[in-house]
Amino acid sequence: MFYRCIKAIFHAIAFVCYRVHIVGSDNVPEGAVVLCANHTATHDPGFPIIAINGRHHLYFMIKAELMKVPVLSLILKGMGAFGINREMSDVSAIKHAIKLLKEDKKLFIFPEGTRVREGQSVEAKTGAVMLAYRCQAPILPVYITSGRKRPFTRVDVVIGTPYLLTCAEKRPPADFYETETKKLMETINHLNPQRETV
């Protein structure tokens, strides 16, 4: 109930303040999935929440610092979000994420781990790919219009096609997660409807 209320609030604010254009809502599969998106603005998490079908509940893996902010932390916890310490190997957060996926929940992660401003170059972390592979959950790439998203501008939320990670070897090679993470970010960026094509 709390999640639905927050979603309704996000929905109202987003469609009043922005020209939201959603593509691919039907691409969200049933069962466990790891949704991954680019991240350029503080309010990016709200757009996937309103973009997917109402019957789906997203569980966000977010930076641990946000879970210490008064009021905001209560809202985040109420929605099922949980923090991860980006400065260390946060075993408890990883275990919780695996538990959610094994329970057929939908996990949302920003692979870059932080907001990426225009002109910045940030190497995406491999955690999302690792979780998807270990749990054999499909990855669902999502593109959100990059930039500050000024009021009344258009915001595209494009949900791509889910896919499973496979590896021919019994044990993934050392560079498997790094390679697949780069492919994931390329896939997300290619969903941008405004990108230049050659």
Side-chain angles (χ1 to χ4, degrees), residues 10 14-15 18-53 56 58-63 84 86 97 101 105-150 153-169 172-198:
F10 278 148
F15 283 91
Y18 301 98
R19 292 183 289 117
V20 182
H21 182 65
I22 300 169
V23 177
S25 293
D26 294 335
N27 288 340
V28 183
E30 296 295 334
V33 68
V34 181
L35 292 89
C36 299
N38 57 311
H39 188 21
T40 59
T42 305
H43 44 300
D44 279 341
F47 293 108
I49 289 175
I50 64 173
I52 67 170
N53 191 295
H56 299 303
L58 292 183
Y59 292 82
F60 282 80
M61 176 186 280
I62 60 176
K63 60 182 181 181
I84 183 168
R86 299 174 297 172
L101 291 172
K105 300 292 196 305
K106 289 172 171 51
L107 180 64
F108 195 100
I109 299 176
F110 291 114
E112 292 157 313
T114 187
R115 279 179 293 154
V116 181
R117 303 182 188 281
E118 290 186 72
Q120 274 188 316
S121 179
V122 175
E123 185 174 346
K125 295 174 171 53
T126 60
V129 165
M130 180 273 291
L131 286 167
Y133 183 76
R134 285 186 59 181
C135 297
Q136 279 302 285
I139 289 178
L140 188 63
V142 179
Y143 173 81
I144 307 169
T145 294
S146 60
R148 294 177 58 189
K149 302 175 184 60
R150 294 179 177 84
T153 57
R154 170 169 167 155
V155 175
D156 290 299
V157 184
V158 184
I159 301 173
T161 304
Y163 66 94
L164 274 172
L165 291 171
T166 59
C167 181
E169 301 177 38
D175 63 346
F176 177 77
Y177 295 134
E178 288 81 2
T179 300
E180 292 299 330
T181 298
K182 288 178 181 177
K183 289 181 181 178
L184 167 61
M185 295 312 300
E186 289 173 0
T187 300
I188 290 172
N189 290 327
H190 273 76
L191 292 174
N192 178 3
Q194 305 301 321
R195 78 182 182 88
E196 294 182 3
T197 55
V198 178

Do the side chains of Asp44 and Lys149 get close enough for a salt bridge, i.e. N-O under 4.0 angstrom?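 Salt bridge present between Asp44 and Lys149.
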Salt-bridge contact Glu180-Lys183 (side-chain N to carboxylate O under 4.0 Å):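 Yes.
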Please name the pair of heavy atoms, one in [X] and one in [Y], separated by the smallest distance, quoted to 0.1 Å.
{"X": "Glu169", "Y": "Tyr133", "answer": "O-OH, 4.4 Å"}
{"X": "Ala124", "Y": "Met185", "answer": "CB-CG, 3.7 Å"}
{"X": "Ile188", "Y": "Pro141", "answer": "CG1-CB, 3.8 Å"}

Using only atom types and a distance under 3.5 Å, with no angle test, would you say the side chain of Asn38 pairs donor to acceptor with the backbone of Ile144? yes
Verify side chain to side chain contact (heavy atoms under 4.5 Å, CB included) between Leu165 and Tyr163, making sure each step is shown before the conclusion. CA-CA 7 Å; Leu165 291 171; Tyr163 66 94; 3.9 Å; yes
NZ of Lys105: more than 12 outside heavy atoms within 6.0 angstrom? yes
With Asp156, which of Val23, Leu191, Thr145, Val20 fulfils side-chain contact (heavy atoms from CB on, under 4.5 Å)? Thr145
Option among Leu140, Leu35, Leu101 that satisfies the side-chain contact (heavy atoms from CB on, under 4.5 Å) test with Lys106: Leu35
Heavy-atom side-chain contact between Tyr143 and Val157 under 4.5 Å: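 When only atoms from C-beta onward are counted, Val157 and Tyr143 do not touch, as no gap falls below 4.5 Å.
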Do the ring planes of Phe47 and Tyr18 sit parallel (below 30°), tilted (30 to 60°) or perpendicular (above 60°)?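 Because their plane-to-plane angle is over 60°, the rings of Phe47 and Tyr18 count as perpendicular.
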